[in-house]
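Only heavy atoms go into these numbers, but all of them, side chains included; no hydrogens, no water, no symmetry mates.
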Amino acid sequence: MKKYFIQKSPFVVPTTDGKLIEEHHGIPTTGNKNISIAHMIAPSGWSEPFQTPEFEEYTYIISGKKQFIIEDETIILEAGQSIKIEVNTRVQYSNPFEFPCEYIAICTPAFDFEKVHREEE
């Protein structure tokens, strides 16, 4: 038995908002409920509703900029910056900027639609 696993076929999450989500490790790809690791590209003008997830989320910006509204504070991250958002924190993610934003998102435990608690728009 090998002591490693190379992910060559990430799960591409179907979206309707133009965002690319390639989940490399997590529930749909490897069955791992402890962590999810995804490569994402958010197009210019993209946004999601507010959510209060039951997991920590780490984001590392590869290129472009991403806006976070955390509770009542607006934060903008640029390439080379990262952030950790604590479990049960109300947050909204968006890219109101001119160019796409490419980033890596890591959730612990793994991202789960049942535990993200997105608000209705």
From CA spacing to verdict: side-chain contact (heavy atoms from CB on, under 4.5 Å), I37, I104 = CA-CA 7 Å; I37 301 173; I104 300 292; 4.2 Å; yes
message = Can you tell me how far apart OH (Y103) and OG1 (T59) are? Round to the nearest 0.5 Å.
response = 6.5 Å
inquiry  = Checking E54 against E114 for the side-chain contact (heavy atoms from CB on, under 4.5 Å) test, could you report, in this order, the C-alpha distance in whole Å, the side-chain angles of both residues, the deciding distance, and whether it holds?
reply    = CA-CA 9 Å; E54 294 178 43; E114 299 294 317; over 6 Å; no
note = For S82 and L77 the tightest heavy-atom approach is C-CD2, 3.6 Å
inquiry  = On a heavy-atom basis, which atom in Q92 and which in S47 lie closest, and how many Å separate them?
reply    = NE2-CB, 4.4 Å
request  = Show the numbers, then the answer: is there a salt bridge (charged side-chain N to carboxylate O under 4.0 Å, His left out) between E57 and K84?
outcome  = CA-CA 6 Å; E57 186 158 352; K84 174 190 178 191; over 6 Å; no
Heavy-atom closest pair, residues V116 and Q51 = CG2-OE1, 3.3 Å
ask   = Should E98 and S44 be marked as a side-chain hydrogen bond (donor to acceptor under 3.5 Å, both in side chains) after you check the CA-CA gap, both sets of side-chain angles, and the distance that decides it?
value = CA-CA 5 Å; E98 182 181 357; S44 174; over 6 Å; no
ask   = Heavy-atom distance under 4.5 Å between the side chains of E23 and P28, does that happen here?
value = yes
message = Under a 3.5 Å threshold, yes or no: a donor from one side chain and an acceptor from the other, between W46 and N95?
response = no
ask   = Are H39 and E22 close enough, and set up right, to give a side-chain hydrogen bond (donor to acceptor under 3.5 Å, both in side chains), and what steps lead you there?
value = CA-CA 5 Å; H39 170 248; E22 298 174 321; 2.7 Å; yes
key: Interatomic distance, D17 atom CG to E48 atom CD [nearest 0.5 angstrom]   = 7.0 Å
ask   = With the 4.5 Å side-chain cut-off for hydrophobic clustering, are I21 and I41 part of the same group?
value = no
task = Would you give the length of the straight line joining atom CD1 of I35 to atom CD1 of I27, rounded to the nearest 0.5 angstrom?
result = 12.0 Å
inquiry  = In the structure I gave you, are the side-chain heavy atoms of K33 and P109 within less than 4.5 Å of one another anywhere?
reply    = no
remark   = Heavy-atom closest pair (A110 atom, F55 atom, distance to 0.1 Å) is O-CD2, 4.1 Å
inquiry  = Determine whether H24 and F11 satisfy the following criterion, side-chain contact (heavy atoms from CB on, under 4.5 Å), listing intermediate values before the conclusion.
reply    = CA-CA 7 Å; H24 283 257; F11 175 69; over 6 Å; no
request  = Would you mind reporting whether I83 and Y58 have side-chain heavy atoms less than 4.5 Å apart?
outcome  = no
remark   = Between the OG1 atom in T52 and the CG atom in N88, the distance rounded to the nearest 0.5 Å is 7.5 Å
query = Going by distance alone, is a donor N or O of one side chain under 3.5 Å from an acceptor N or O of the other, for Q7 and H25?
reply = no
request  = Starting at SG of C107, measure out to CG of D112 and round the result to the nearest 0.5 Å.
outcome  = 10.0 Å
query = Taking atom SG of C101 and atom CD of Q67, what is their separation to the nearest 0.5 Å?
reply = 11.5 Å
ask   = Taking the side chain as C-beta and beyond, is there a heavy-atom pair between V91 and F50 under 4.5 Å?
value = no
message = Please check if the number of heavy atoms outside K115 that lie under 6.0 Å from its NZ is greater than 12.
response = no
message = Can you confirm if the aromatic rings of F68 and Y93 lie within a centre distance of less than 6.0 Å?
response = yes
Shared hydrophobic cluster for I70 and I61 (ILVMFWY, side-chain gaps under 4.5 Å) = yes
request  = Mark yes or no for whether S36, through its side chain, and I106, through its backbone, hold a donor-acceptor pair below 3.5 Å.
outcome  = no
query = Is a donor on one side and an acceptor on the other found under 3.5 Å between the side chain of T89 and the backbone of I85?
reply = no
request  = Following the transitive rule for hydrophobic clusters with a side-chain heavy-atom cut-off under 4.5 Å over Ile, Leu, Val, Met, Phe, Trp and Tyr, establish whether F97 and I75 coincide in one cluster.
outcome  = no
ask   = Tell me the salt bridge (Lys or Arg N to Asp or Glu O under 4.0 Å) pairs involving residues 63-74, sequence neighbours left out?
value = none
